[in-house]
Participant: 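Please see the structure below; I have some questions.
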Amino acid sequence: MKRETLNNLAPLLWYSFGTIAALLQEIVSIYPALSPPTLSASAANRACNALALLQTVAAHPETRTPFLEAEIPSYLFPILNTTSEAKSFEYLRLTSLGVLGALAKVDDTEVVKFLLKKEVIPLCLRIMGTGSELSKTVATFIVHKIMLDEVGLQHICATPECFFEVANVLANMVVALAEQPSTRLLKHVIHCYIRLTDDPRACAGLRTHLPEALRNGTFDNCLRDDPVAKHVLQKLLDKLASPAGEAPHPGPGPAAGGRHGEPAPAGPSHTP
Ligand SMILES: *[C@@H]1O[C@H](CO)[C@@H](O)[C@H](O)[C@H]1NC(C)=O
Ligand SMILES: *[C@@H]1O[C@H](CO)[C@@H](O)[C@H](O)[C@H]1NC(C)=O
């Protein structure tokens with residue numbers, strides 16, 4: 001497809017008469033087959049094609065707001081709420097998460113507020129606990145994008161219950177990752193942890209609730225080829241090791257490498 005056509009696809013879909021209604025009809029038509037799970041592969045495929053088109057609408061700056069205002073994401077929740085492990089269901093959930101991921105990708109507080117209001121976090125947490133590696137990765141990405149927003153972080157850290165629900169899911173993922181490594185998923189998990197330390201209460205909670213496997217070198221091999229991710233993990237450990245939750249090296253620039261307590265390079269080596 002030509003690039004301009006692709007760029008214009010979302011407004012074309014959104015403003016052409018009856019198109020969105022037809023796409024939603026494709027999605028609604030599979031609801032009866034969701035529970036009990038009787039969906040055929042071909043029906044799942046059709047719905048996924050409709051979802052892929054809706055994803056372009058969610059991703060486009062011109063159509064994103066009307067897409068939210070029309071509450072289109074609500075049509076996805078019955079799909080995201082399914083638990084069948086059949087391949088067609090996994091595929092459907094992943095494609096639906098892709099739509100939410102396209103929304104979450106933009107740094108927009110309004111989108112974050114919408115996702116919070118729609119209880120997307122509990123949905124994502126469930127998928128992070130039970131989904132395929134790919135679904136877990138997209139769900140963790142969405143939760144990370146939500147917590148990157150100040151409103152999202154405050155929401156998660158507002159009560160100990162909410163924080164520990166998130167922390168427990170992340171910890172369980174770390175345990176599972178030790179058995180079945182996935183570098184990209186581990187990176188998202190580490191990024192969630194480090195963002196949580198920006199909240200003082202969450203930081204205090206993580207001092208005692210960070211899984212041992214993140215501290216003891218279990219993932220050295222997994223992160224061997226990813227110095228950036230390794231650095232972020234080290235930064236997380238340093239931050240949790242220092243009393244005030246501050247980076248151990250005050251001053252500008254990222255904290256120097258080396259575990260807390262190990263000899264660090266002497267002084268900052270910035271040149272103006
Ligand atoms: C999701 O499933 C739970 C039970 O498993 C149910 O209580 C809830 O209403 C469902 N939500 C949606 C949006 O379907
Ligand atoms: C690291 O900690 C995990 C969880 O406690 C444990 O299963 C694993 O054996 C430890 N690995 C090393 C290298 O100490």
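Positions are given from 1 along the sequence. Whatever order the structure lists ligands and atoms in, that order sets their numbers, starting from 1.
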Participant: Quick one: does any side-chain atom of Ser182 pair with a main-chain N or O of Leu185 as donor and acceptor, under 3.5 Å?
Facilitator: yes

Participant: Looking at Asp198 and Lys239, is any side-chain nitrogen of the basic one under 4.0 Å from a carboxylate oxygen of the acidic one?
Facilitator: yes

Participant: Under a 4.0 angstrom heavy-atom cut-off, which atoms of ligand 2 come close to Thr218?
Facilitator: 1 (C), 11 (N)

Participant: Less than 4.0 angstrom from a charged side-chain N to a carboxylate O is my criterion; do Lys136 and Glu133 meet it?
Facilitator: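 A salt bridge is absent here (no side-chain N lies under 4.0 Å from a carboxylate O).
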
Participant: How far is atom 14 (O) of ligand 2 from its nearest protein heavy atom, and which residue and atom is that?
Facilitator: Asn216 ND2, 3.3 Å

Participant: So, for atom 5 (O) of ligand 2, does the protein have a heavy atom nearer than 4.0 Å?
Facilitator: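 Looking at atom 5 (O) of ligand 2, one finds that a protein heavy atom does lie closer than 4.0 Å.
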
Participant: For Asn49 and Arg46, which I'm curious about, is there any donor-acceptor pair between the side chains at under 3.5 Å?
Facilitator: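 Distance-only check fails for Asn49 and Arg46.
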
Participant: Any atoms of ligand 2 less than 4.0 Å from a non-hydrogen atom of Glu212? List them with their elements.
Facilitator: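 Near Glu212, the atoms of ligand 2 are 2 (O), 5 (O).
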
